[in-house]
Number of protein chains: 2
Amino acid sequence: MNIGEASKASGVSTKMIRYYEQIGLIAPAHRSEAQYRTYEDADIHTLRFIRRARDLGFSVEQMKTLLALWQDRARASGDVKAIALEHIAELDRKAAAIAAMTATLRHLASNCHGDDRPNCPILDDFAEAPLASDMPEVSARFGRANIG
Amino acid sequence: MNIGEASKASGVSTKMIRYYEQIGLIAPAHRSEAQYRTYEDADIHTLRFIRRARDLGFSVEQMKTLLALWQDRARASGDVKAIALEHIAELDRKAAAIAAMTATLRHLASNCHGDDRPNCPILDDFAEAPLASDMPEVSARFGRANIG
DNA sequence: CTTGACCTTCCCATGATGGGAAGGACTACC
DNA sequence: GGTAGTCCTTCCCATCATGGGAAGGTCAAG
């Protein structure tokens, strides 16, 4: 199987397959005589595993660990669960940050007429509101606005 | 005021102030004889506006538009509200994607003993679950896992 | 005058992904 | 056996917002 077929079968783009190989997430593929990468069913299985983990928001680093655990028949399920729980906690943090932003924005938008007149409480707030960093309890709860 | 003081007063790092100037989000600062950037109260006001918008998750492009509207006394509040509502919609999309991930992960984790034994439903799922892209209604609802 | 804190520009890195160019390989059709 | 078109290869560049750090100039306090 060439990389294009492997991509279709796994749902991982050819660009990403090469990238994952380059950074060592997956082993270098076998090569044909013309140096084409070739993939077996087992490789597709691994790529689908990666695709699934990625869809659930795991980072490449986490996927490295998860793959290693997957391939270790003697792993402790507790190790896997710990990674999953840590990831859930991080997703919850992002969700909380987003919820805080939308709550504020919804409040501001609801007070804005949204018509042709210039008066706009949204801009007024941006111009006058104290910084989150000046409010210790807020920044402690949500940290930066980095939700990526 | 030098850039360090402007940074402290606005909550925007010196790196970011220079970057925002470079990409044209803010006007080039006035310079002292030694080519140091100098800032007036009005500039701090602008930087705080940016900081506030950034904390609410607006992109640089959105901030450009918002700044222009802010500085346009004749703007229509509807234009501002439209940007805010579009941003809220995007944040809601991200929140939904995160919620879908955490729901799945919580379910998987709850079925995992999390002890020293190797059996792990989380890894089993990763290895066997169908791809989101094979389930049209799911990918239509949530798109990619890109929550950044 | 030295020390240390500040400023400048320039380059590099992040993380995951895609775009695209230049060139080689393969396949299907005539 | 050409040729067209599709595939593959590697290499470089871009994204987005942010920070790190080097090399060197400036300034203020002692």
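Remember, it's a predicted structure, so these values are computed and weren't measured experimentally. Each chain gets a letter, A, B and so on, in the order its sequence line appears, and its residues count up from 1. For the numbers below, each heavy atom of this structure counts, side chains included, while hydrogens, waters and symmetry mates do not.
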K.L.:
Take atom CD of B:E40 as the centre, draw a 6.0 Å sphere, and report whether it contains more than 12 heavy atoms from other residues, nucleotides or ligands.
P.N.:
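Counting neighbours around CD of B:E40, 12 or fewer heavy atoms of other residues, nucleotides or ligands fall under 6.0 Å, so no.
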K.L.:
What is the ring orientation for B:W70 with B:F49, classed by angle as parallel under 30°, tilted 30 to 60°, or perpendicular over 60°?
P.N.:
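Judged by the thresholds at 30° and 60°, the geometry between B:W70 and B:F49 is parallel.
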K.L.:
A:R18: which residues meet the side-chain hydrogen bond (donor to acceptor under 3.5 Å, both in side chains) condition with it, sequence neighbours left out?
P.N.:
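Applying side-chain hydrogen bond (donor to acceptor under 3.5 Å, both in side chains) to A:R18 gives none.
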K.L.:
In whole angstroms, how far is the P atom of C:dA16 from the CD atom of A:E61?
P.N.:
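Rounded to whole Å, this separation is 8 Å.
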K.L.:
For nucleotides 3-7 of chain C, list the nitrogen or oxygen atoms of the protein found under 3.5 Å from its nitrogen or oxygen atoms, one pair per line.
P.N.:
from, atom 1, to, atom 2, distance (Å)
C:dC7, OP1, B:I3, N, 3.4
C:dC7, OP1, B:G4, N, 2.5

K.L.:
Name the nucleic acid region contacted by B:S32, choosing base, sugar-phosphate or nothing; use a 4.0 angstrom heavy-atom cut-off, strictly under.
P.N.:
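It contacts nothing in the nucleic acid.
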K.L.:
Select one nucleotide: of C:dG18, C:dC26, C:dA16, the one nearest the side-chain heavy atoms of A:A34.
P.N.:
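Per side-chain heavy atoms of A:A34, the pick is C:dC26.
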K.L.:
Is it the case that more than 12 heavy atoms not belonging to B:Q71 sit under 6.0 Å from its CD atom?
P.N.:
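Yes - once you tally the heavy atoms of other residues, nucleotides and ligands closer than 6.0 Å, there are more than 12.
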K.L.:
Think B:R54 has a side-chain N or O under 4.0 angstrom from the OP1 or OP2 of D:dT18?
P.N.:
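Answer is yes, contact under 4.0 Å.
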K.L.:
How about CZ on B:R73, more than 12 heavy atoms from neighbouring residues, nucleotides or ligands closer than 6.0 Å, or not?
P.N.:
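No.
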K.L.:
Please give, in whole Å, the distance from D:dC27 P to B:R31 CZ?
P.N.:
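Roughly 14 Å, once rounded to whole Å.
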K.L.:
Please list, chain by chain and in numerical order, all residues satisfying side chain to side chain contact (heavy atoms under 4.5 Å, CB included) with A:T104, sequence neighbours excluded.
P.N.:
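For A:T104, the residues satisfying side chain to side chain contact (heavy atoms under 4.5 Å, CB included) (neighbours in sequence not counted) are A:L108, B:R52, B:L56.
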K.L.:
Can you pull out the residues from residues 19-29 of chain B that lie within a 4.0 Å heavy-atom distance of DNA chain D?
P.N.:
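Of all residues in residues 19-29 of chain B, the ones placing a heavy atom under 4.0 Å from DNA chain D are B:Y19, B:Y20.
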K.L.:
I need the minimum non-hydrogen distance between A:A109 and A:I122, along with the two atoms involved.
P.N.:
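Smallest interatomic distance, heavy atoms only, reads CA-CD1, 4.0 Å.
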K.L.:
It should be established whether B:S59 places a side-chain nitrogen or oxygen under 4.0 Å from OP1 or OP2 of nucleotide D:dC16.
P.N.:
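For B:S59, the contact criterion (side-chain N or O under 4.0 Å from OP1 or OP2 of D:dC16) is not met.
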K.L.:
Looking only at non-hydrogen atoms, find the nearest pair between B:N2 and B:Y36 and report the distance.
P.N.:
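Heavy-atom minimum between the residues: ND2-CD2, 3.9 Å.
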K.L.:
Which pairs count as side chain to side chain donor-acceptor pair (under 3.5 Å) when at least one residue sits in residues 74-83 of chain A, sequence neighbours excluded?
P.N.:
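The answer is A:S77-B:D115.
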K.L.:
Starting from C1' on D:dA17, measure out to CG on B:L47 and report it in whole angstrom.
P.N.:
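Interatomic distance, CG of B:L47 to C1' of D:dA17: 16 Å.
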K.L.:
Which of parallel (below 30°), tilted (30 to 60°) and perpendicular (above 60°) describes B:F58 and B:H87?
P.N.:
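Because their plane-to-plane angle lies in the 30° to 60° range, the rings of B:F58 and B:H87 count as tilted.
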K.L.:
Ignoring hydrogens and geometry, is there a side-chain-to-backbone donor-acceptor pair from B:H45 to A:A127 under 3.5 Å?
P.N.:
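Present.
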K.L.:
With nearest nucleotide decided by heavy atoms, which residue, A:V60 or B:T38, maps closer to the 5′ end of DNA chain C?
P.N.:
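The 5'-side residue here is B:T38.
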K.L.:
For B:K64 and D:dC16, give me the distance from atom NZ to atom P, rounded to whole Å.
P.N.:
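About 10 Å, once rounded to whole Å.
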K.L.:
Give every pair of a protein N or O atom and an N or O atom of nucleotides 11-13 of chain D that lie under 3.5 Å apart, one pair per line with the distance.
P.N.:
none

K.L.:
Specify the residue among B:M63 and B:E33 whose closest nucleotide of DNA chain D lies further upstream toward the 5′ end.
P.N.:
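Looking at the nearest nucleotide for each, B:M63 comes out on the 5' side.
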